[in-house]
There are 2 protein chains.
Amino acid sequence: MTKRSARPHPRDATKPRTRIQKRNRELILGAALEVFSKHGYRGATLDQISSEAGLSKPNLLYYYPSKEAIHRELLHGLLDTWLDPLKELDHGGEPLDEILEYVQRKLQLARDYPRESRIFANEILQGAPTILPDLEGDLKALVDRTAATIRRWIETGKLAPVDPVHLIFSIWALTQHYADFDIQVRAVNGGVDPFPGAEQHLNTLFRRMLTPDQGAS
Amino acid sequence: MTKRSARPHPRDATKPRTRIQKRNRELILGAALEVFSKHGYRGATLDQISSEAGLSKPNLLYYYPSKEAIHRELLHGLLDTWLDPLKELDHGGEPLDEILEYVQRKLQLARDYPRESRIFANEILQGAPTILPDLEGDLKALVDRTAATIRRWIETGKLAPVDPVHLIFSIWALTQHYADFDIQVRAVNGGVDPFPGAEQHLNTLFRRMLTPDQGAS
DNA sequence: TCATGATTTGACCAACCGGTCAAAGTCACG
DNA sequence: CGTGACTTTGACCGGTTGGTCAAATCATGA
């Protein structure tokens, strides 16, 4: 009848209690970001992550119950960061400017956080085994909301008619391409940093696509 | 001094000698395509591939010396298929039509061969460990050639001015997105097949982007 | 039919990998 | 300074995986 007591992991999987827990969890997630982004989920090993974090392997498993748990928490944190630029879109702003600014925000995210982008890409490529529910839930809701706004913008004639959902896909595809396929892009680009060119290219691309015809009544 | 003889693999890694070799190599590559595309290189196992191919594991390794060798040969075969649409571009044709047709060919490839696309995406994501030389060689050469033609088209005023290389990146990004991120696309799209919409969307997108201004002198 | 090379496989192995455990060390606070 | 909870780790384990090997089977043509 003594307490089953002292499960190997800190009291709860939820919020960190002590200073040490906070520090080490951050250390682990940082290391996991590096290793998962470089080798993918399957290619990454707990030894690599623990070594990168400066902790022992059993110590990792003291803070997280399994490799999968680390991956899951990392991914959920990422999703928020990744959706932020779309949430910041001002539904009452000037249509063309709002979209062009969104494109630039997303491109900067791809440039500044390529590891996050690659982990996300890897997850989707594998069929989104851990975040499919979030895609079908939060993400779809956010896209539906944004699409409705874009549709309204088109109706008022401030934007050329395009399929709003495919427009959003296009923005994602074009911006993430520079992060996820970085090696290919640089190989073809002769090793030159593609981002300055991309910034200007995407700006003119979307401006031409979305500027309504002048001749309309 | 007897011959070192009877290395476990068929005479050469080059061309198949017998009917059986041809059949089994194709069987293996087909199975590898299925398994690698579903689980990635690291996540795929020889057992899965051999089972999918209907052969025993040692039999696999009779035809290919290692897992990596299978992957390498598969990847090289894919690259050709993948570059074909760009090679078919008629440098003497009508600029806008040629590019729009190229977009459609690439999109159909993404729809009809998503497994090939995903294997390719996975390879690039991991830093192109096996085909980087091909990217820097054949692919870059092909892109440079195409970019030169596009530049000429722009100079003759048949195409709006855009950066040719980034234009090619855009085509790749937009078309492959529908294959590689299929799950995400469908999740957001409410499970609806996105390809019909994509076909029309990309057509209007590139037409608007590339049609030269009418008012030009 | 028989010999020879091509093909196939069951048994096996060493390395790796995710995860466990008991014991030892450390921290904070009364 | 003691004590109970928190943290850390060396040693270990069972399952998986890429790959090997010797022996068996098959195909072919002289």
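Just so it is clear, the values below take in all heavy atoms, side chains as well, and ignore hydrogens, waters and symmetry mates. Residue numbering restarts at 1 for every chain, and letters A, B, ... go by the order of the sequence lines.
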Would you kindly give the [atom1]-to-[atom2] distance between [X] and [N], to the nearest whole Å?
{"X": "B/Asn59", "N": "C/dA6", "atom1": "CG", "atom2": "C1'", "answer": "11 Å"}
{"X": "B/Ile20", "N": "C/dT8", "atom1": "CD1", "atom2": "C1'", "answer": "10 Å"}
{"X": "A/Leu27", "N": "D/dT8", "atom1": "CG", "atom2": "P", "answer": "10 Å"}
{"X": "B/Ile49", "N": "D/dG19", "atom1": "CD1", "atom2": "C1'", "answer": "14 Å"}
{"X": "B/Leu46", "N": "C/dT9", "atom1": "CG", "atom2": "C1'", "answer": "15 Å"}
{"X": "A/Lys57", "N": "D/dC12", "atom1": "NZ", "atom2": "P", "answer": "14 Å"}
{"X": "B/Gln21", "N": "D/dA27", "atom1": "CD", "atom2": "P", "answer": "15 Å"}
{"X": "A/Leu55", "N": "D/dT7", "atom1": "CG", "atom2": "C1'", "answer": "11 Å"}

**Message:** Looking at A/Asn24, I'd like to know whether one of its side-chain N or O atoms comes within less than 4.0 Å of OP1 or OP2 on D/dT8.
**Reply:**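 For A/Asn24, the contact criterion (side-chain N or O under 4.0 Å from OP1 or OP2 of D/dT8) is met.
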**A/Tyr63 vs D/dT8: side-chain N/O to OP1/OP2 distance below 4.0 Å** =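 Checking A/Tyr63 against D/dT8: at least one side-chain N or O falls below 4.0 Å of OP1 or OP2.
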Which nucleotide, [options], lies nearest any side-chain atom of [X]?
{"X": "B/Tyr62", "options": "C/dT7, D/dG10, D/dT8", "answer": "C/dT7"}
{"X": "A/Thr45", "options": "C/dC17, D/dT20, C/dT7", "answer": "C/dC17"}
{"X": "A/Arg23", "options": "C/dT7, D/dT8, C/dG19", "answer": "D/dT8"}

**Asked** Just checking A/Ala44: base, sugar-phosphate only, or nothing, at a heavy-atom cut-off of under 4.0 Å?
**Response**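 Touches sugar-phosphate only.
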**Prompt:** Mapping A/Ser56 and B/Pro58 onto DNA chain D by nearest heavy atom, which one lands closer to the 5' end?
**Reply:**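 Between the two, 5'-proximity favours A/Ser56.
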**Fill in**
Residue pair A/Gly43/A/Arg19 against DNA chain C: nearer the 5' end by closest nucleotide is A/Gly43
**Request:** Measure distances between side-chain N and O atoms of A/Lys67 and base N and O atoms of C/dG19, and say whether any donor-acceptor pair falls under 3.5 Å.
**Result:** no
Working to the nearest 0.5 angstrom, can you tell me the gap between [X] [atom1] and [Y] [atom2]?
{"X": "B/Thr146", "Y": "B/Glu98", "atom1": "OG1", "atom2": "CD", "answer": "11.0 Å"}
{"X": "A/Leu61", "Y": "A/Ser66", "atom1": "CG", "atom2": "OG", "answer": "8.0 Å"}
{"X": "B/Leu174", "Y": "A/Leu205", "atom1": "CG", "atom2": "CG", "answer": "7.5 Å"}

**Request:** Indicate yes or no: at least one non-hydrogen side-chain atom of A/Gln126 is less than 4.5 angstrom from one of A/Tyr41.
**Result:** no
**Request:** Taking the six-membered ring of A/Tyr64 (Phe, Tyr or Trp), confirm whether the NZ or CZ of A/Arg25 is under 6.0 Å from its centre and within 45° of its axis.
**Result:** yes
